[in-house]
Amino acid sequence: MSRWTLFFVVLLLGLGLGLLYGWVINPVSYQDTTLDTLRIDYKTDYTLMVAEVYHQSNDLDWAMNRLTLLKNESPLHTIEESLKFASQAEYTLPDMFLLRDLHNALKENN
Amino acid sequence: MDQNRGNWYLLTGLILGLLMGIVYSWVISPISQVDTHPSLLRTDYKDIYRLLISRAYQANNNLPRAEARLNLIGDDEPALALAAQAQRFLAEGGDHEMAVILANLSAALQSHEAAENPPVQSTETAAATDSPEKTEENGENNPDNPATSPVRFI
């Protein structure tokens, strides 16, 4: 094997090790993230908070505005995702009721 | 002469490859920002999150839940962080009602903390002030009090 071939083989090996280190062993840790990057359980809890406030205030514009910060296709899509997760995670009935209440209001508004 | 140069070119190739791999994985194409935790949110989003927690507390009056949610943000002193945000809000000419909502949760947390951790008293003072009747009246220490019931973590 020529020196150049060996050089490129070792270069590729180093490249692979570098990628392994940067993506798996020591990936970039994020600071200053936005709400849309939150894990689904935190997003669902965020949506639940909006639903709790909406249940008291009946301010649908405010609720939609808050849900828009999660940057989904639409607030309705956000609440549908949250309902799906809440159902899987076996949220309590009062919490499910609040989420459904907001879901129905958004659906009627659409 | 080539033989005398040894195998340093192999080490050079390996280091070069490693550097290229690290630059690519950290700078050019880092892993995408998904599934993050509220404690990593940018300061302004943390403010939005805190305000939402305060509004939800105003709506449901569930202090343990609000406390659990605030803990997710990772403030050392959640009550102080809320109070500071309320003051900042007012100083920046923000909505007075929102500042009050933040301050209310801050006050509720502080009074809850004070009830759970009463100040240490000297033996004489404690004997003069504490009475069995007072202990029984203290709802915060009552395990049946719903305000101190455990939080369901999501």
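Lettering follows sequence order; numbering is per chain, from 1. None of these values were measured; they are calculated from a predicted model.
Taking a cutoff of 4.0 Å between a charged side-chain nitrogen and a carboxylate oxygen, R88(B) and D47(B) qualify as a salt bridge. For R66(A) and E52(A), the salt-bridge test fails: no basic side-chain N is under 4.0 Å from an acidic carboxylate O. With respect to the salt-bridge test (charged N to carboxylate O, under 4.0 angstrom), the residues D75(B) and R50(B) qualify. Using a 4.0 Å cut-off between charged nitrogen and carboxylate oxygen, D95(A) and R65(B) count as a salt-bridge pair.
Using a 4.5 Å cut-off on side-chain heavy atoms (C-beta onward), T44(A) and D41(A) make no contact. In this structure, T36(B) and R39(A) have side chains that are not in contact, with every pair of non-hydrogen atoms separated by 4.5 Å or more.
Using a 4.5 Å cut-off between heavy atoms, W62(A) touches chain B through its side chain atoms alone. The contact between V50(A) and chain B is made by backbone and side chain atoms together, counting heavy-atom distances below 4.5 Å. Proximity to chain A involves both the backbone and the side chain of I53(B), based on heavy atoms less than 4.5 angstrom apart. Looking at Y54(A), there are no atoms closer than 4.5 Å to chain B (heavy atoms on both sides), in backbone or side chain.
L10(B) is connected to W4(A) through a chain of hydrophobic side-chain contacts under 4.5 Å among Ile, Leu, Val, Met, Phe, Trp and Tyr, so both are in one cluster.
Residues of residues 18-28 of chain A placed with any heavy atom under 4.5 Å of a heavy atom in chain B are listed by number as G18(A), L19(A), Y21(A), G22(A), W23(A), N26(A), P27(A), V28(A).
Of the residues considered (S39(B), S29(B), P30(B), P38(B)), P38(B) shows the highest number of contacts with chain A, using heavy-atom pairs under 4.5 Å. Of the listed residues (L35(A), L13(A), L12(A)), the one with the most heavy-atom contacts under 4.5 Å to chain B is L35(A).
For the side-chain contact (heavy atoms from CB on, under 4.5 Å) test, no residue two or more places apart in sequence or in another chain qualifies with N65(A).
A cation-pi arrangement, defined by a distance under 6.0 Å to the six-membered ring centre and an angle within 45 degrees of its axis, is present between R3(A) and Y9(B).
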